[in-house]
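Every heavy atom of this structure was used, including side-chain atoms; hydrogens, water molecules and symmetry mates were not.
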Amino acid sequence: MLRLPPFRYHRPRTVREAVALLTRFGADAMPIAGGTDLMPNMKHRLFTPAHVVSLKGIGAMRGIEVVEGPDAGTGSHAPGTGTALHIGALETLADVAANPLVRHHFAGLANAAGLVAGPQLRNMGTIGGNVCLDTRCTYYNQTQFWRSALGYCLKKDGTICHVTGVGKKCVAAHSADTPPNLIALGASLTLAGPHGERAMDASDFFVTDGIWNTRRAPDEVVTGITIPIARGRRSAYRKLRQRNSIDFPLLSVAVAGDFGETGTVNRLTGVVSALGARPRVLAGWSELAVGGRLDGATIDALAERAHAQCRPLDNLIVDAEWRRAMVPVYVRRALEELSVYEA
């Protein structure tokens with residue numbers, strides 16, 4: 001039986017109290033929301049915090065509502081835009097997946113939240129926790145006994161990355177479902193720390209370091225997510241995994257597009273993940289799609305462009321070349337879902 005290491009549990013009632021505890025205990029403290037990822041990692045001794053700061057009692061980090069977006073009142077936006085959807089970081093993945101506002105405005109995000117793990121974990125896990133999910137790797141997400149037999153790895157207790165064979169950089173895979181959708185939709189994240197709040201685009205939140213792949217400081221907390229609402233915006237999500245329940249993604253594809261009344265593509269963004277330490281925005285899509293229609297030929301061209309850009313590493317349990325071969329397949333399926341809206 002895998003047992004938790006000893007720790008002291010804190011349950012603050014406000015964001016300020018939570019940040020103060022994280023700042024006070026420093027490297028010995030970690031925040032916890034649903035705990036669906038942190039608890040298993042603690043049992044594997046990947047994390048051994050002496051203090052665990054629970055966020056579940058902070059009411060200010062809950063709620064899903066339409067709010068005024070940053071463009072409201074400027075007169076520069078089209079009718080129906082200038083507003084945004086705010087999602088509290090403590091909203092469970094199950095609630096995000098079922099929420100009528102999320103399903104209406106951001107179908108891809110709702111689908112992604114509904115595909116995380118299984119029902120029990122979605123009822124506990126939060127969207128903020130999913131955004132901050134630790135990276136995963138075949139050589140990292142193992143018991144302490146397994147890792148010690150191998151000699152540990154660069155991400156935890158070792159000096160060598162067993163994927164690349166050198167010790168320069170960890171390439172553990174980003175494996176969260178909702179962030180690729182947030183990036184594709186142009187979302188921003190609100191973080192609270194000892195120096196106050198700050199906002200950051202979801203596209204800037206992640207870095208390529210598999211050991212710590214976000215710009216969140218250890219004493220900061222993601223408190224909410226804001227996603228702009230735009231007329232004619234459609235989104236979709238596709239997830240490759242070994243079993244269609246429970247498993248983390250081997251490949252995830254999020255697409256979002258803004259369409260004119262005649263079906264013309266005004267904006268199109270594709271994001272892939274589970275291949276490297278951060279989600280990747282696919283390049284060159286505008287020149288292929290904007291100004292035209294999302295027909296079969298365009299979808300094929302976009303899928304092939306994605307295939308050329310993606311080269312998975314052997315950081316997950318299945319063959320990397322097979323994962324790469326699935327990139328155009330899943331990109332095509334996601335884009336075909338967007339094109340259905342135009343028919």
Side-chain angles (χ1 to χ4, degrees), residues 33 60-74 76-116 122 125-133 174 176-192 197-206 214-216 221-239 252-259 266-273 278-279 281 334 337-338 341:
M61 291 175 60
R62 300 183 183 277
I64 301 176
E65 59 181 343
V66 175
V67 297
E68 288 298 317
D71 294 334
T74 65
S76 62
H77 51 78
T81 65
T83 57
L85 189 68
H86 179 79
I87 304 175
L90 286 182
E91 288 297 315
T92 67
L93 293 162
D95 286 341
V96 172
N99 185 271
L101 289 171
V102 180
R103 293 174 66 87
H104 175 70
H105 293 292
F106 313 115
L109 177 61
N111 185 33
L115 290 174
V116 176
R122 290 194 295 272
T126 65
I127 188 168
N130 195 248
V131 168
C132 299
L133 187 76
H174 176 270
D177 290 276
T178 58
N181 296 272
L182 298 176
I183 293 171
L185 292 165
S188 64
L189 309 174
T190 303
L191 294 89
E197 284 192 347
R198 62 176 177 140
M200 180 182 299
D201 290 342
S203 58
D204 295 329
F205 185 66
F206 298 96
T214 74
R215 299 186 191 276
R216 180 183 69 86
V221 174
V222 174
T223 60
I225 300 161
T226 305
I227 314 172
I229 297 173
R231 176 176 293 180
R233 178 163 295 171
R234 308 290 185 186
S235 61
Y237 179 69
R238 287 291 181 271
K239 176 178 181 176
S252 58
V253 177
V255 296
D258 293 345
F259 296 88
N266 297 328
R267 185 188 74 93
L268 187 65
T269 303
V271 182
V272 295
S273 194
R278 69 172 179 179
V281 178
E337 183 175 338
L338 292 194
Y341 290 110

Exercise. Hey, are the side chains of I87 and L109 touching, using non-hydrogen atoms and a 4.5 Å cut-off?
Worked result: yes
Exercise. Heavy atoms, side chains only, cut-off 4.5 Å: are F206 and I183 in contact?
Worked result: yes
Over all atoms of both residues, closest heavy-atom pair of [X] and [Y]:
{"X": "M61", "Y": "V222", "value": "CE-O, 3.4 Å"}
{"X": "K239", "Y": "L115", "value": "NZ-O, 2.9 Å"}
{"X": "T223", "Y": "A192", "value": "CG2-CB, 3.8 Å"}
{"X": "R122", "Y": "T92", "value": "O-CB, 3.6 Å"}
{"X": "G257", "Y": "L268", "value": "CA-CD1, 3.9 Å"}
{"X": "G186", "Y": "P228", "value": "O-CD, 3.4 Å"}

So how far is it from [X] [atom1] to [Y] [atom2], rounded to the nearest 0.5 Å?
{"X": "L185", "Y": "I229", "atom1": "CG", "atom2": "CD1", "answer": "10.5 Å"}
{"X": "E337", "Y": "N111", "atom1": "CD", "atom2": "CG", "answer": "7.0 Å"}
{"X": "I127", "Y": "L90", "atom1": "CD1", "atom2": "CG", "answer": "11.0 Å"}
{"X": "F106", "Y": "N181", "atom1": "CZ", "atom2": "CG", "answer": "11.0 Å"}
{"X": "R198", "Y": "S188", "atom1": "CZ", "atom2": "OG", "answer": "12.5 Å"}
{"X": "T214", "Y": "L189", "atom1": "OG1", "atom2": "CG", "answer": "9.5 Å"}

Exercise. With no hydrogens and no angle check, is any side-chain donor or acceptor of D201 less than 3.5 Å from a backbone partner on S203?
Worked result: no
Exercise. With distance as the sole test, does E91 use its side chain to make a donor-acceptor pair with the main-chain N or O of G63 at under 3.5 Å?
Worked result: yes
For this session: Begin with the C-alpha distance, continue with both residues' side-chain angles, and end with the deciding distance and a verdict on side-chain contact (heavy atoms from CB on, under 4.5 Å) for I225 and H86.
Result: CA-CA 6 Å; I225 300 161; H86 179 79; over 6 Å; no
Problem set entry | Stepwise side-chain contact (heavy atoms from CB on, under 4.5 Å) check, F205 with L182 | CA-CA 11 Å; F205 185 66; L182 298 176; over 6 Å; no
For this session: Please say whether more than 12 non-hydrogen atoms of neighbouring residues, nucleotides or ligands are located less than 6.0 Å from CZ in R103.
Result: no
Exercise. If we ignore angles and hydrogens, is there a donor and acceptor under 3.5 Å between the side chains of R233 and S235?
Worked result: no
Exercise. So which of T178, V271, V253, D177 actually passes side-chain contact (heavy atoms from CB on, under 4.5 Å) with Y237?
Worked result: D177
